[in-house]
Amino acid sequence: MVTVENGTAVKLRGNPDQPYTRGALCVKVNRYLEHTRADDRILYPMRRTGPKGSGQFERITWDEALDEISVRLRGVVEEHGGEAIWPYLGTGTLGYLQGCEGVAGRRFWNMLGASKHWLNICSAAGSTGLRRTNGTAAGMDPENFALSKLILLWGTNTLTSGHHLWKFIQDARANGAHVVAIDPIRTRTADQADEHLAIRPGTDAALALGLLNVVLAEGAQDEEFLAEHTEGWEEFRQEILSHPVERVAEITGIPAESVHRLGMRLAHTRPTGIRATHGLQRHKGGGTALRTIAAIPGVTGDWRHPGGGVAFSTSDHVRLAIDTRDDLLAKPVRTRVMSKLASQLDDVKCLWVYAANPVGSTPDANAIRRQLEREDLFTVVMEQFPTDTVDYADIVLPATMQTEHHDLHAGYGHMYLLWNEAAVEPPGECLSTTETFRRLAAHMGMTEPSLFDSDLELAEQLLSSGHPSLEGITLDRLRKEGWVRMNYPKPFAPFAEGFPTPSGRLRFPPAGQAYVPSHTASAGRSAYPLTLVTPASHLFLNTTFGNNPELRRRAKDPVVLVNPADAAARGLRAGQRVRVHNDGGAFLADVEISDRVAPGVVASPKGRWPKLSPGGANPNAVVAERDGDMGRGPGFHDNLVELSPVS
Ligand SMILES: Nc1nc2c(c(=O)[nH]1)N[C@H]1C(S)=C(S)[C@@H](COP(=O)(O)OP(=O)(O)OC[C@H]3O[C@@H](n4cnc5c(=O)[nH]c(N)nc54)[C@H](O)[C@@H]3O)O[C@H]1N2
Ligand SMILES: Nc1nc2c(c(=O)[nH]1)N[C@H]1C(S)=C(S)[C@@H](COP(=O)(O)OP(=O)(O)OC[C@H]3O[C@@H](n4cnc5c(=O)[nH]c(N)nc54)[C@H](O)[C@@H]3O)O[C@H]1N2
Ligand SMILES: [Mo]
């Protein structure tokens with residue numbers, strides 16, 4: 001809720017009536033209004049004047065910008081074909097109008113035959129794994145954690161990356177629920193849990209099998225659910241039986257007694273709710289991990305009960321009618337993969353970045369920089385702030401922020417649709433994503449009517465899918481009420497009667513998967529013996545807010561958490577600056593000696609702007625561009641490094 005006085009937004013607060021957030025904002029969004037007025041906000045179109053990467057620009061008019069862009073785009077299409085254009089749309093806004101969820105701008109790109117863009121950077125591995133088991137990546141209504149009696153916070157740092165869930169966990173605790181955090185780092189969430197299992201990174205599928213081994217030994221499997229709602233049980237049962245707790249303890253690094261104790265709780269506690277989010281799938285075996293964890297409630301029958309099951313994302317519960325008008329394409333086009341910018345840019349002649357900061361957030365940052373320096377590449381960046389990616393742009397277009405444009409949102413962690421009404425006029429010459437593409441289409445002489453649909457028309461279209469979850473949800477109602485719960489029962493047990501797979505049954509994973517991550521398994525023998533985990537920062541949202549002075553002040557200099565044994569082996573002192581490096585590059589951080597990480601594991605959060613960091617790099621300088629086992633998911637927490645003192 002934004003309070004506006006004389007055309008200026010003066011106050012931002014959460015709506016206390018909203019059931020999921022109950023009015024709470026996070027430390028970052030609390031500073032959002034101040035951020036919209038920041039001194040470094042980009043207010044006008046700009047053209048590059050210095051070398052690529054230098055960040056030197058001159059102000060130009062929108063007409064000049066659109067002229068130059070039109071000529072360049074037409075030239076690329078004529079000479080190299082439309083697929084030589086890569087529209088690189090990131091997660092800066094998850095809006096269905098302005099951002100990635102609705103694939104903003106795609107109708108325009110279809111007119112040119114541009115390559116498609118696959119936003120796999122965040123959750124593709126886990127989503128794919130869950131879909132293979134359940135037929136959908138959606139699961140529990142997160143509000144139902146209030147009803148759980150055992151809660152596993154698995155590869156998720158709730159108090160940092162999705163704190164609204166915490167109130168439901170507290171409600172469950174008030175009713176006696178036991179809360180367990182499963183995370184290689186003793187995070188602030190783990191501190192608040194009843195128990196913390198410090199798992200070796202990338203070994204979660206093995207832990208799932210070990211827990212189920214105890215469930216079977218106890219005879220606590222739900223035979224009726226297994227018979228009625230699952231397939232592949234006999235093969236999977238054998239796989240479970242071949243993973244006794246001792247073997248699992250060896251793989252995961254968790255003491256056998258702890259695996260056994262949690263297995264006993266799982267066997268005898270209904271409903272058990274598992275919150276498994278993105279951390280555990282940023283690994284080589286991330287898809288298999290989610291796929292196997294998703295099998296747990298199939299064995300225990302937890303899906304029968306609200307408060308039981310697995311919650312990863314709620315996105316697959318959202319059924320908005322996104323019409324990107326693929327019929328406008330003259331022929332089918334190739335797809336480029338977001339996490340693979342460094343290696344898939346060779347034959348691209350125009351890179352169009354919007355709501356993304358690849359130099360800060362995408363793997364193999366140094367290789368990306370080398371690509372962006374190419375003189376034959378025409379780069380356009382639509383941005384609010386002068387990021388490291390902006391520094392490489394040929395043309396920069398000023399983008400609106402959330403208080404300045406309309407948007408339709410659906411969270412990936414809750415069951416509501418939300419309307420974002422523009423509250424104030426954009427500053428300077430900033431334009432929304434939708435308006436930028438409308439103007440560009442007109443400037444290029446395009447006449448296809450759907451390119452010019454207004455934001456409100458697009459919102460109407462989104463709500464017109466006819467899916468039962470949207471019945472009765474009109475744009476008028478959404479604008480009036482601000483948020484509306486999608487039509488799913490409350491409480492909601494999504495798979496009590498079956499699964500959205502072809503057979504209607506949960507599909508247990510096949511036996512014989514590689515449950516040990518190939519990459520980290522070699523730790524100890526390589527020149528880079530430490531596994532680096534780079535999770536969400538408490539103070540930044542990916543690289544968004546990475547330039548906010550107050551948040552930067554609070555974040556201080558970057559640190560890397562190092563176990564006392566690893567520090568001693570290298571003679572490192574607390575506070576000492578080190579190079580964290582491997583074959584891909586290096587970043588600098590100060591050593592924090594801590595038993596929050598086990599020996600062999602080091603951690604440094606994501607979200608810093610490279611150019612505002614010591615040494616001009618952030619952890620993505622050492623994150624390799626490697627495909628995970630499913631969805632080509634990137635391995636942000638699955639990289640081997642060494643630490644060396646900086647003199
Ligand atoms: N404050 C803040 N909030 C955010 C974001 C942010 O940048 N800052 N980003 C947002 C976005 S885009 C996303 S996708 C989510 C991500 O938020 P989360 O889903 O919480 O994902 P991560 O922060 O990547 O990792 C969560 C935890 O998984 C642990 N982990 C790493 N490897 C493993 C493993 O192999 N096994 C297990 N069990 N745990 C492991 C990490 O140590 C970390 O504590 O957060 C969103 N919320
Ligand atoms: N090392 C490491 N790296 C990671 C991760 C990790 O765990 N570790 N996590 C990954 C994950 S989960 C994600 S989702 C990605 C995120 O990576 P990106 O999708 O690149 O997101 P950000 O880095 O936040 O950059 C978004 C940019 O969009 C801009 N922006 C915001 N709103 C708008 C808008 O309305 N219009 C326009 N034009 N611009 C806007 C912001 O100013 C910001 O600069 O990062 C990934 N990178
Ligand atoms: Mo993400």
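Just so you know, ligand 1 is whichever comes first in the structure, and atom 1 is the first atom listed for that ligand. All figures in this text were calculated on a predicted structure; none of them were measured in a lab.
- Tested against Tyr528, the residues Asn639, Asn582, Asp583 include a single side-chain hydrogen bond (donor to acceptor under 3.5 Å, both in side chains) partner, Asp583.
- Under a 4.0 angstrom heavy-atom cut-off, His637 registers as being in contact with ligand 2.
- For the side-chain hydrogen bond (donor to acceptor under 3.5 Å, both in side chains) with Asn357, the lone residue among Thr544, Asn542, Thr389 that qualifies is Thr389.
- Atoms of ligand 1 found under 4.0 Å from any heavy atom of Asp204, numbered from 1 in the order shown, are 34 (C), 35 (O), 36 (N), 37 (C), 38 (N).
- Not a single N or O atom of Leu539, backbone or side chain, sits closer than 3.5 Å to an N or O atom of ligand 1.
- Residue contacts with ligand 2 leave out Asn618, since none of its heavy atoms falls under 4.0 Å from the ligand.
- When non-hydrogen atoms are compared, ligand 1 lies under 4.0 Å from the backbone of Leu541 as well as from its side chain.
- Note that the CD1 atom of Ile182 and the CD atom of Glu195 stand 9.0 Å from one another [nearest 0.5 Å].
- No part of Phe636 comes within 4.0 Å of ligand 1, judged by heavy-atom distances.
- Residue contacts with ligand 2 leave out His278, since none of its heavy atoms falls under 4.0 Å from the ligand.
- At least one heavy atom of Gln384 sits closer than 4.0 Å to an atom of ligand 2.
- Checked against a 6.0 Å centroid threshold, the rings of His35 and Phe385 count as neighbours.
- When non-hydrogen atoms are compared, ligand 1 lies under 4.0 Å from the backbone of Ala536 as well as from its side chain.
- Contact annotation: Met338 has at least one heavy atom less than 4.0 Å from an atom of ligand 2.
- Ring pair His406/Trp419 is tilted by interplanar angle, where 30° to 60° counts as tilted.
- Here the shortest heavy-atom pairing between Phe545 and Leu539 reads CB-O, 4.5 Å.
- Residue Thr277 places at least one N or O, backbone or side chain, under 3.5 Å from an N or O of ligand 1.
- Considering both main-chain and side-chain atoms, Thr203 never comes within under 3.5 Å of ligand 1 through any nitrogen or oxygen pair.
- The main-chain N or O of His414 is found under 3.5 Å from a side-chain atom of Thr314 such that the two form a donor-acceptor pair.
- Contact annotation for Thr187 and ligand 1: only side-chain heavy atoms (C-beta onward) come within less than 4.0 Å of the ligand.
- Heavy-atom separations between Ile185 and ligand 1 include at least one value shorter than 4.0 Å.
- Between Pro142 and Tyr20, the closest side-chain pair of non-hydrogen atoms falls below 4.5 Å.
- With a heavy-atom cut-off of 4.0 Å, Val533 touches ligand 1 through its side chain alone.
- Of the polar atoms of His283, at least one N or O is found under 3.5 Å from an N or O of ligand 1, judged by distance alone.
- With a 4.0 Å cut-off on non-hydrogen atoms, Tyr412 touches ligand 1 through its side chain and not its backbone.
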